[in-house]
There are 2 protein chains.
Amino acid sequence: MSETVYPLAGAAALERKGLRDRVYDLILDMLMTADIAPGARLSIDALARDLRVSPTPVREALVQLERTGLVVREALKGYRVAPPLADEQLEALFDARLVLECGAAELAARNAATLVPLLEHAVDEHRAIGERVRATAHEHGGTWPVELLREYFLIDWNFHHLIFEGTGNPFLLDMSEAISTRVHRMRQTVRSGLSDADEAVAEHAAILDALRSEGPEAAAAAMRDHIEKVRIRSRADVASP
Amino acid sequence: MSETVYPLAGAAALERKGLRDRVYDLILDMLMTADIAPGARLSIDALARDLRVSPTPVREALVQLERTGLVVREALKGYRVAPPLADEQLEALFDARLVLECGAAELAARNAATLVPLLEHAVDEHRAIGERVRATAHEHGGTWPVELLREYFLIDWNFHHLIFEGTGNPFLLDMSEAISTRVHRMRQTVRSGLSDADEAVAEHAAILDALRSEGPEAAAAAMRDHIEKVRIRSRADVASP
DNA sequence: TGTTCCAATATCCTATAGGAAAGATTCAAT
DNA sequence: ATTGAATCTTTCCTATAGGATATTGGAACA
């Protein structure tokens with residue numbers, strides 16, 4: 001999809017986007033941020049009224065969202081918010097991440113030269129917002145503002161996204177989108193990923209080191225280690241609500 | 001998507017499908033079989049007239065097709081048949097297949113017991129149609145009927161599809177669809193995959209053996225060997241038109 | 001002759017209206 | 001009181017119409 005595979009050359013800014021794409025972004029944002037009950041109905045007409053557009057672009061956006069897994073459709077019955085990932089599906093999601101992201105890390109090692117600086121910046125950002133999260137925890141005592149959560153998750157995932165971009169492989173990049181939406185949704189249900197910011201930063205740094213000074217296999221191994229540890233931490237968070 | 005992950009339990013038969021899904025199938029079939037020039041415009045209104053439906057379901061089907069990579073869309077300009085895969089993209093496609101299918105083979109080894117019989121059947125079918133292809137080659141002397149081509153490719157890919165199903169991982173299965181459409185489209189441009197039927201069958205059998213008697217790593221290695229060899233053969237066919 | 005501007009056509013994009021199916025509510029009967 | 005059916009409402013699904021935009025053709029001018 002994206003024409004510019006490599007860095008974040010922001011050519012996407014002025015590329016013309018139809019109403020359909022804007023509606024898609026709006027609904028996606030709504031699903032990501034707002035707490036919408038899984039299984040809740042997404043009425044086409046109601047959405048069209050709320051967004052002040054006709055049902056047609058809403059309908060197209062929902063078709064697009066259906067393929068991300070955030071929305072499920074039953075013919076002649078309408079769209080619903082996808083149910084939360086069951087434990088079994090959560091394990092499957094991590095399996096898929098292992099397959100995809102380890103392979104991506106291995107391939108991205110070819111372009112380590114251009115990729116390493118970008119990843120260094122990403123890790124720095126990650127470390128910085130980790131500090132902010134810890135400071136804010138002291139203030140509010142356990143609960144974080146939604147905006148901070150949102151920003152943290154974005155920066156965290158950006159590291160993984162950069163690796164996908166670093167492969168220069170448009171097919172893998174497309175598939176990463178399917179993963180990313182599910183991961184973000186998982187993080188809504190599994191209230192995690194903040195208490196372990198330090199560990200996540202350290203593991204990302206390990207992947208970066210492997211890309212910088214070691215080979216593709218080492219990068220893949222570091223990625224595998226990271227994802228497996230995230231899996232363990234997520235399991236713990238599921239067990240103890 | 002598919003509710004029944006495992007074998008070909010045809011529950012999809014009587015599950016209600018809206019008009020959108022039928023239009024999707026029709027256009028997909030059209031793109032797969034008919035020789036449509038890459039870059040040709042896919043007019044929404046024209047398709048709606050031809051299929052005797054309104055533009056709305058056509059529009060939805062095209063949104064769905066866009067995510068398969070068979071169709072590209074430019075906002076406010078319409079849909080076009082996706083251009084043929086350039087050499088660079090072809091290499092990227094094989095890289096993605098390596099990542100995905102080797103990982104899938106490794107995961108599918110968990111369910112080898114239930115998977116092996118299905119794969120045996122698939123290899124038998126593959127071998128049989130390989131024989132038919134060779135016989136038909138003697139008759140017609142070089143050119144094959146379209147229907148035979150279609151059937152061969154379907155059976156060939158079925159082996160790979162079964163492995164994806166064997167993982168029991170819905171995410172990997174979804175991604176396999178993105179790959180399969182591209183592979184089928186590649187085979188339209190790269191006139192190959194028939195002369196090397198014997199080799200393909202042998203390599204599939206090797207994967208099957210690894211799943212039956214060896215471990216997950218062996219299965220992944222056999223899959224890697226197969227895809228790499230397909231890559232080599234495809235390169236040769238691209239070089240010599 | 002090549003270039004530029006303009007107009008006409010075709011197409012996409014959006015909006016509105018009507019038919020059909022599924023779900024909810026109410027009422028009646030056992 | 002509970003079950004059943006019938007009706008009503010809501011929603012999806014499809015069809016048609018109008019405004020906006022890009023492309024194409026031709027004509028005028030340098």
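Chain letters run A, B, ... following the sequence lines, proteins first and then strands; every chain starts at 1. It should be emphasised that the depicted structure is a prediction, and the values quoted were computed from it without experimental measurement.
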For A:Asp25, the side chain to side chain contact (heavy atoms under 4.5 Å, CB included) test, sequence neighbours excluded, returns A:Lys17
By side chain to side chain contact (heavy atoms under 4.5 Å, CB included), A:Ala82 pairs with (sequence neighbours left out) A:Val72
Hits for side chain to side chain donor-acceptor pair (under 3.5 Å) against B:Glu101, two or more places apart or cross-chain, chain-then-number order -> B:Arg97, B:His160
Note to self: Is the phosphate of D:dT21 approached by B:Lys77 (side-chain N or O, under 4.0 Å from OP1 or OP2)?
What the structure shows: no
By side chain to side chain donor-acceptor pair (under 3.5 Å), B:Glu228 pairs with (sequence neighbours left out) B:Arg231
Here the distance between atom P of C:dA22 and atom CD of A:Glu74, to the nearest Å, is 10 Å
Numerically ordered, the residues 40-48 of chain A set in heavy-atom contact under 4.0 Å with DNA chain D is A:Leu42, A:Ser43, A:Ile44, A:Asp45
What N/O pairs connect the protein and nucleotides 14-17 of chain D at under 3.5 Å? Give each pair on its own line.
{"unit_1": "D:dT14", "atom_1": "OP1", "unit_2": "B:Leu19", "atom_2": "N", "d": "3.3"}
{"unit_1": "D:dA15", "atom_1": "OP2", "unit_2": "B:Ser54", "atom_2": "N", "d": "2.4"}
{"unit_1": "D:dA15", "atom_1": "OP2", "unit_2": "B:Ser54", "atom_2": "OG", "d": "3.0"}

The side chain to side chain contact (heavy atoms under 4.5 Å, CB included) partners of A:Pro57 (sequence neighbours excluded) come to A:Leu19, A:Val23, A:Val53, A:Ser54
Please list each protein N or O that sits under 3.5 Å from an N or O in nucleotides 7-9 of chain D, with the distance.
none

For A:Asp29, the side chain to side chain donor-acceptor pair (under 3.5 Å) test, sequence neighbours excluded, returns A:Arg150
Hits for side chain to side chain contact (heavy atoms under 4.5 Å, CB included) against B:Ala46, two or more places apart or cross-chain, chain-then-number order -> B:Ser43, B:Arg49
Residues at least two apart in sequence or cross-chain that pass side chain to side chain donor-acceptor pair (under 3.5 Å) with A:Tyr79, listed by chain then number, are B:Arg20
Those residues at least two apart in sequence (or on a different chain) that pass salt bridge (Lys or Arg N to Asp or Glu O under 4.0 Å) with A:Arg110 are B:Asp95
Rounded to whole Å, CZ of A:Arg80 lies from P of D:dT11 at a distance of 12 Å
Scanning both residues in full, the closest heavy-atom pair of A:Phe153 with A:His184 reads O-NE2, 4.2 Å
